[in-house]
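None of the values given here were measured: they were computed from a predicted structure.
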Amino acid sequence: MTATTTCLGVLTPSSNTALEPLTSALAASAGNCSAHFSRFTVTEISLAEGALNQFDDSKILAAAELLADAKVDVIGWSGTAAGWRGFETDMRLCERITERTGIKATTAILALNELMEKLSVKKLAIVSPYTADVQQCIVNNYRAAGVETTAERHLDISVNHSFALVEPEQLLQLIGNVIEEGKPDAVVTYCTNLRAAHLAEEVERRWGVPLLDTVSTTVWGMLRAAGRDPSAVKGWGHLFDIA
C-alpha cells in the first residue's frame, strides 16, 4: 500500500457475503485504492420492530468508529435501509458519522439518489430480494421524491444471508423483465447482498439502460467524497462515467 492509496471504509451488514468481494474488486479497478470493512448485526429485512431496530444509529456509529481507527479517507454505509425507512435517515447518519469521527461519509442510497438526479431519472425499475411490504415502502418513497417505479420484481425473502444465494443469472432475467415491461430511465438492483454489480456492462449492452447497483453506487459515492474520479473504474457500468 502506497502513501497515495485511497482507503475506503465500508459499513457492512453482518450477514452479508456479497458486497465485500464486489467492493474490493471495484476498489482494485479504481487503482491505488483499498476497501476496509466493519460489520454490525443485520440478519433480517422486514418492517417488524426488531428488524427496523437493527439500523439504530448507535450500532452503526460504533462500527464507524472502528473504521476511523484505520484512518480511512471516507466511510460509506453499503446498505439500503433508507429505501424503506426514509432517505432522511441516511442524511442524519452521515452527519453523525462525520461529527463522531471527523471523516466524510456517504451511503448506497444517497449516492444512488444523486446519480439518479444527474441522469434525470424519472422512471425507475427496481429489482430486489425483499418482501412485498418492504418493496412498496421503497416505491412510495421514490414516488414522494418525484420518481415513478414503472416496473418492479421482488423475491419475498426476509433472511438477509439468503439474498447472496440468488444466482446472477436469475437477477439478469429479472432485470431484463423490468426493463422490457417498464421502459425505465434506469434500473436498480436494490440490495447490497445481491451478486449483481458485475452485470452492469451486459445489461447496458443488451438493453441500453444503465444499471445502478447499490454496491456500485456506494463505491461511486465514496470515491467522489474522497476526491477521486470514479471514471477510473472500468468495466462496471456507465454510472462510473458520471462525475
**Message:** Looking at every non-hydrogen atom in both residues, tell me the closest pair between A186 and L212 and how far apart they are.
**Reply:** CB-CD1, 4.0 Å
**Prompt:** Do any N or O atoms from the side chain of E201 and from the backbone of G237 form a donor-acceptor pair under 3.5 angstrom?
**Reply:** yes
**Prompt:** Looking only at heavy atoms, which two atoms of T214 and V188 are closest? And how far apart?
**Reply:** CG2-CG2, 4.1 Å
**Asked** Any side-chain heavy atom of L52 sitting closer than 4.5 Å to one from R85?
**Response** yes
**Message:** When you group the ILVMFWY residues by side-chain heavy-atom contacts below 4.5 Å and let the links chain together, are L66 and I60 in the same group?
**Reply:** no
**Asked** Can you name the nearest heavy-atom pair linking T89 to G86, along with the distance?
**Response** OG1-O, 2.6 Å
**Message:** Evaluate E202 against R206 for salt bridge (Lys or Arg N to Asp or Glu O under 4.0 Å), listing each step before the verdict.
**Reply:** CA-CA 6 Å; E202 182 172 359; R206 288 176 63 175; 3.2 Å; yes
**Item:** F240 and K234: CA distance, side-chain angles, deciding distance, side chain to side chain contact (heavy atoms under 4.5 Å, CB included) verdict
**Value:** CA-CA 8 Å; F240 288 102; K234 304 297 184 185; over 6 Å; no
**Message:** If we ignore hydrogens and angles and just use 3.5 Å, is the side chain of R195 paired with the main-chain N or O of V166 as donor and acceptor?
**Reply:** yes
**Request:** Could you grab the distance from atom CG of L11 to atom CG of L61, nearest 0.5 Å is fine?
**Result:** 9.0 Å
**Message:** Is it the case that over 12 heavy atoms from other parts of the model lie below 6.0 angstrom from the CD atom of E117?
**Reply:** no
**M91 side chain reached by L110 side chain, heavy atoms, under 4.5 Å** = yes
**Request:** Evaluate the criterion side chain to side chain contact (heavy atoms under 4.5 Å, CB included) for residue pair L93 and F55; output intermediate values, then yes/no.
**Result:** CA-CA 10 Å; L93 174 63; F55 302 103; over 6 Å; no
**Asked** Between G221 and A111, what is the shortest heavy-atom contact and its length?
**Response** CA-CB, 3.9 Å
**Item:** Ionic contact status for R92 with E88, cut-off 4.0 Å
**Value:** no
**Request:** Check whether any side-chain N or O of K104 sits under 3.5 Å from a backbone N or O of A226 as a donor-acceptor pair, and report yes or no.
**Result:** no
**Message:** Looking at L239, is its backbone amide N or carbonyl O close enough to the side chain of K118 to form a donor-acceptor pair, meaning the two atoms are under 3.5 Å apart?
**Reply:** no
**Asked** Just one of D73, T217, V10 clears the side-chain contact (heavy atoms from CB on, under 4.5 Å) bar with M222, so which one?
**Response** V10
**Prompt:** Within the distance-only criterion (no hydrogens, no angle test), does the side chain of N193 pair as donor or acceptor with the backbone N or O of N160 below 3.5 angstrom?
**Reply:** yes
**Request:** Please collect all ring-ring contact (aromatic ring centres under 6.0 Å, His included) contacts where either partner lies in residues 69-112, sequence neighbours excluded, each pair once.
**Result:** F40-W77, W84-Y130, F87-Y142
**Separation of R153 CZ from Q173 CD (nearest 0.5 Å)** = 9.5 Å
**Request:** Check for a donor-acceptor pair, side chain of E204 on one end and backbone N or O of H238 on the other, with a separation under 3.5 Å.
**Result:** yes
**Separation of I45 CD1 from T131 OG1 (nearest 0.5 Å)** = 9.0 Å
**Request:** Working to the nearest 0.5 Å, report the span between OG1 of T6 and CG of L223.
**Result:** 7.5 Å
**Request:** Please examine the side chains of I109 and Y190, heavy atoms only from C-beta on, and report whether any two atoms are closer than 4.5 Å.
**Result:** yes
**Donor-acceptor under 3.5 Å (K183 side chain, E180 main chain)** = yes
**Smallest separation among heavy atoms of S46 and A51, with atom names** = OG-CB, 3.3 Å
**Request:** State whether a side-chain donor-acceptor pair under 3.5 Å links Q136 with N140.
**Result:** yes
**Message:** Using 0.5 Å steps for rounding, measure from the NE2 atom of H36 to the SG atom of C7.
**Reply:** 4.0 Å
**Request:** Measure the spacing between OG of S216 and NE2 of H198 and express it to the nearest 0.5 Å.
**Result:** 10.5 Å
**Asked** So V203 and I179, side chain to side chain contact (heavy atoms under 4.5 Å, CB included) or not? Walk me through it.
**Response** CA-CA 10 Å; V203 168; I179 291 173; 3.9 Å; yes
**Prompt:** Quick check: does any side chain N or O of T150 sit under 3.5 Å from a backbone N or O of G182, one acting as donor and the other as acceptor?
**Reply:** yes
**Message:** Can you confirm whether S24 sits close enough to F37 that some side-chain heavy atom of one is under 4.5 Å from a side-chain heavy atom of the other?
**Reply:** yes
**Asked** Do L8 and C33 touch side chain to side chain, with heavy atoms closer than 4.5 Å?
**Response** yes
**Asked** Should T218 and T23 be marked as a side chain to side chain contact (heavy atoms under 4.5 Å, CB included) after you check the CA-CA gap, both sets of side-chain angles, and the distance that decides it?
**Response** CA-CA 9 Å; T218 309; T23 300; over 6 Å; no
